[in-house]
Amino acid sequence: MHRVPVRQIMTANVVTIGPDQLVADAAQLMEEFNVRRLPVLDDNDCLIGIVTDSDVREAETAGSVLSSYDPGIEAEWLTVADIMTPDVITVDLDATVGQLAVILTDNKIGGVPVVEPHPEYPKQRHLAGIVTETDIFALIAEAWRKEMEEAGPGV
């Protein structure tokens with residue numbers, strides 16, 4: 001199971017956001033699509049950052065504290081570029097689930113973008129998908145279900 005390629009368990013249709021969009025837009029996308037992280041893509045669809053639900057909450061909290069002192073400051077005016085993490089931890093399409101598990105545990109994170117070289121900009125990273133701890137759990141659960149079915153009733 002730990003040798004399964006990440007490409008087999010990743011989500012390929014990823015909800016993304018641009019760096020110039022507002023933090024409020026990020027919060028809305030996360031709520032609408034029930035996701036906890038949004039890869040940030042530039043105009044060439046290259047990965048330039050990631051914004052998490054924690055980043056959004058912190059920005060909203062900071063904005064509400066600042067706005068209580070200065071009514072002219074609002075969290076909605078912050079852009080994704082203001083709060084994103086630019087140094088994104090990623091995995092390649094051919095990474096294994098075992099390698100993914102090590103990356104997630106070593107970095108104490110719950111998911112990472114899956115990348116490949118961009119076809120037009122080889123030094124840039126093209127987003128191929130996203131993979132999370134939930135994807136690993138689903139793989140384990142499916143293997144267990146299959147094993148139970150093969151074992152038959154009463155096991």
Side-chain angles (χ1 to χ4, degrees), residues 1-62 78-155:
M1 190 173 323
H2 64 282
R3 288 186 169 80
V4 171
V6 165
R7 71 173 65 233
Q8 289 184 12
I9 67 166
M10 72 178 193
T11 300
N13 296 327
V14 184
V15 181
T16 64
I17 195 161
D20 298 329
Q21 289 184 260
L22 299 178
V23 170
D25 296 332
Q28 182 179 348
L29 280 172
M30 287 177 180
E31 184 176 335
E32 181 179 338
F33 291 97
N34 194 29
V35 295
R36 295 184 296 180
R37 56 196 61 79
L38 296 171
V40 183
L41 303 182
D42 67 11
D43 292 337
N44 297 317
D45 288 330
C46 295
L47 181 68
I48 59 168
I50 194 162
V51 64
T52 66
D53 56 348
S54 297
D55 298 329
V56 170
R57 279 195 309 272
E58 287 176 24
E60 289 173 340
T61 300
L78 285 174
T79 66
V80 168
D82 294 327
I83 68 165
M84 73 180 191
T85 300
D87 299 322
V88 187
I89 297 167
T90 63
V91 294
D92 294 330
L93 275 169
D94 295 322
T96 64
V97 169
Q99 291 169 317
L100 171 65
V102 168
I103 289 168
L104 296 179
T105 55
D106 285 356
N107 293 284
K108 296 179 173 70
I109 53 178
V112 292
V114 180
V115 296
E116 60 188 345
H118 194 284
E120 295 176 40
Y121 309 98
K123 293 188 178 190
Q124 299 294 319
R125 297 176 295 176
H126 178 257
L127 183 68
I130 196 160
V131 64
T132 69
E133 73 267 354
T134 302
D135 298 315
I136 296 173
F137 294 146
L139 177 69
I140 294 167
E142 184 57 35
W144 183 82
R145 283 187 191 110
K146 186 175 179 181
E147 188 177 305
M148 290 298 104
E149 286 174 6
E150 290 172 358
V155 175

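Proximity of I103 to N107: side-chain heavy atoms (C-beta onward) are separated by under 4.5 Å at one or more points. Residues V40 and P19 are in side-chain contact: their nearest non-hydrogen atoms beyond the backbone lie under 4.5 Å apart. Put simply, the side chain of M84 does not reach to within 4.5 Å of the side chain of T52, judged on heavy atoms. Looking at T132 and R37, their side chains come closer than 4.5 Å, going by heavy atoms from C-beta outward.
Taking a 6.0 Å sphere around CD of E32, one finds it holds more than 12 heavy atoms contributed by other residues, nucleotides or ligands. For CG of D106, the number of neighbouring non-hydrogen atoms (other residues, nucleotides, ligands) closer than 6.0 Å is greater than 12. Enclosure of atom CG in N34 is not indicated, since only 12 or fewer non-hydrogen atoms of other residues, nucleotides or ligands lie within 6.0 angstrom.
The one candidate from D135, L93, I130 that meets the side-chain contact (heavy atoms from CB on, under 4.5 Å) condition with M10 is L93. Partner of P113 under the side-chain contact (heavy atoms from CB on, under 4.5 Å) criterion, chosen from V14, I50, L38, V131: I50. Checking each of V6, V97, L104 against V91 for a side-chain contact (heavy atoms from CB on, under 4.5 Å) leaves exactly one that passes, namely V6.
Under a 4.0 Å N-O distance rule, the pair R36/E133 qualifies as a salt bridge.
Contact detail for T96 and H2: the closest heavy-atom pair is CB-O, 3.3 Å.
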